[in-house]
Trainee: 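Structure incoming, see below.
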Amino acid sequence: MSRLYNFSAGPATLPREVLEQAQSDLLDWQGRGMSVMEMSHRGEAFMSIAQQAEADLRALLKIPDNYSVLFFQGGAAGQFSAVPQNLMGHRAVADHVITGNWGKKAIKEAGKYGEARIAASSEDGGFTDLPPRDSWQLSDDAAYVHYTPNETIQGVAFPETPDTGDVPLVADLSSAFLAEPLDVSKYGVIYAGAQKNAGPAGVTMVIVRHDLMEQAQPGVPMIWDYAQQAQANSMLNTPPCFAWYICGLTFRWLLDQGGLESIAAVNHRKASKLYDAIDKSDFYHNPVAENARSIMNVPFLLADDGLNKTFLSEAEEAGLHALKGHRSVGGMRASIYNAMPEAGVDALIDFMRDFEARNG
Ligand SMILES: *Cc1c(COP(=O)(O)O)cnc(C)c1O
C-alpha cells in the first residue's frame, strides 16, 4: 500500500521519517519494553522525551530565555479562551485584527472574558486582503493585540510581523508554526495547535513571555493557567504524551532538514510554483492579493465550478487527497505544509495542467 499526497488542512500529513520512527519505537521505546503511550508521564523516560522536544523547539525557533514553552490540550480553540483569561486580569480590553474565520472565532471567545474590540478587519473584502497597518484602530488600554498570521481557510498570511509598539502581540500561528524562521521576541504569546504543521492532534504549543504570566484573571481554571503550567512543566495533569512525543520527532526531523531557514526555502519554492501555475492559467484562479498569500494553504477556484466534483474525484484517483476547499470559500484548497514533499506539489501541478487540457 502506498501513501497518498495528503493536502488536508488538518489533521495533516506528517513526515514519512517521523511515522517510520514512531513505528519502530511503537512496541518498545528504546529498550524500555513499552510504548510511549504506556509510560508514566512522570517517569524518567517520558521526562527525557518531553525535555528533548522542548529543547529542539527552542533551538528551531531560537526562543529567548525569557519565554516559557508550554504544551497544552484543548487545541488552538482552547487558547481562544486561555489567552484572555491569562492576559486580561489587569486590563480587560483586547484588540483583535480579523483576517479570516479563525480570527472571528478567537474574538468571539475573548469577548466572554473582557472587551474584545475589532481593531481592523478585512471581512468586507471577503478576507482576500490584509487591512493596512496604518488603518488599524488600536486602543490605548489594550492588554494585547491578537491576530492570525496565517488564516488556514482563506489562505491569507501576513508577510511580516506587524508592529504594535509596547502592546504585546498575540499570534494564533497554528497553520504556519515552524514554516519559516520567526523573531519570537516580537511576540507576547504565540500559540499553535500541532495538527497543522507540527504533529498530530491533541497538543497545542504555547510560547509565552514571562512577564505576561502575572496578569491572569482570578477565575482562570488551573489547567489553563500559564504560570501554574510553567511551574509544573506542563504537567499539572496528565499531558498528551504520545502527541508530545510525535511533535518531538517532528522537531528533530526539522533540525535534520537543516532547520527553519532550509524548510522555508523549500516552502517558498513549493508555494510559488503552485501560485505560478494558478496565475498563468485562466482555468484556475486564486482571489487573494499577491502580498497576502499563504505559503501553507493555497485556495483556488475553477473558472467553471460545475467541474469541482470531477476535479476532486479525478484528483483522488490520481493519489491527490483532500483538495476540497472549505465550505465558506468553495473550490479547492491545497495545504502544503512542511511535510508535503515537493514531489507532491509537482504532482498536483501536473494533474491540474492535464485536467485543464482535457476540460478547458
Ligand atoms: C485549525 C486552526 C484552529 C483550530 O484548532 P483546534 O486545534 O481544532 O482548536 C485555530 N486557528 C487556526 C489558525 C487553525 O488553523
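Note that the structure is a prediction, hence the values are computed from the model and not measured. Atoms within a ligand are numbered from 1 in the order they appear, just like the ligands themselves. These numbers come from the heavy atoms of this one structure, side chains and all, not from hydrogens, waters or symmetry mates.
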Trainee: Nearest 0.5 Å, what's the OG-CG distance between Ser294 and Asn267?
Mentor: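 Those atoms lie 9.5 Å apart.
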
Trainee: Decide whether an N or O pair under 3.5 Å exists between Thr152 and ligand 1.
Mentor: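 Among all N and O atoms of Thr152, at least one is under 3.5 Å from an N or O of ligand 1.
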
Trainee: Identify the closest protein heavy atom to atom 11 (N) of ligand 1: which residue and atom is it, and at what distance?
Mentor: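 The closest one turns out to be Asp172 OD2, 2.6 Å.
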
Trainee: Between Asp305 and Gly331, is there a donor-acceptor pair closer than 3.5 Å when you use the side chain of the first and the backbone of the second?
Mentor: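 Such a contact is absent between Asp305 side chain and Gly331 backbone.
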
Trainee: Would you call Ser174 a ligand 1 contact, heavy-atom distance under 4.0 Å?
Mentor: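 Yes, Ser174 has a heavy atom closer than 4.0 Å to ligand 1.
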
Trainee: Determine whether the aromatic ring centres of residues Phe311 and Phe351 are separated by less than 6.0 angstrom.
Mentor: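 They qualify: ring centres under 6.0 Å apart.
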
Trainee: What is the closest protein heavy atom to atom 5 (O) of ligand 1, and at what distance does it sit?
Mentor: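 Of every protein heavy atom, Ala76 CB, 3.6 Å lies nearest to atom 5 (O) of ligand 1.
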
Trainee: As a check for students: among Gln79, Lys196, Gln195, identify the option with a heavy atom nearest to atom 7 (O) of ligand 1.
Mentor: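 Shortest heavy-atom distance from atom 7 (O) of ligand 1: Gln195.
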
Trainee: Less than 6.0 angstrom from the centroid, inside 45 degrees of the normal: does Lys196 satisfy that with respect to the ring of Trp102?
Mentor: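 Yes; both conditions hold, so Lys196 lies above the ring face of Trp102.
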
Trainee: Does Phe177 approach ligand 1 within less than 4.0 angstrom via side chain, backbone, both or neither, non-hydrogen atoms only?
Mentor: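 Neither part.
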
Trainee: Check whether the ring centres of Tyr337 and Phe7 lie less than 6.0 Å apart, and answer yes or no.
Mentor: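 Aromatic pair excluded; centres sit 6.0 Å or further apart.
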
Trainee: In terms of atom number and element, which parts of ligand 1 are under 4.0 angstrom from non-hydrogen atoms of Gly75?
Mentor: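 In order of number, 7 (O), 9 (O).
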
Trainee: Tell me the protein heavy atom at minimum distance from atom 9 (O) of ligand 1, and give that distance in Å.
Mentor: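 The closest one turns out to be Ala77 N, 2.8 Å.
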
Trainee: If the cut-off is 4.0 Å to any non-hydrogen atom of Phe80, which atoms of ligand 1 fall inside it?
Mentor: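 By the 4.0 Å cutoff, the relevant atoms are 10 (C).
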
Trainee: Could you pull out the closest heavy-atom pair between Ala201 and Pro11, with the gap in Å?
Mentor: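 The pair with the smallest heavy-atom distance is CB-CG, 4.4 Å.
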
Trainee: Are Tyr144 and Trp224 connected into the same hydrophobic cluster when the rule is that any two of I, L, V, M, F, W, Y join if their side-chain heavy atoms are below 4.5 Å apart?
Mentor: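 Yes; Tyr144 is reachable from Trp224 via cluster members.
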
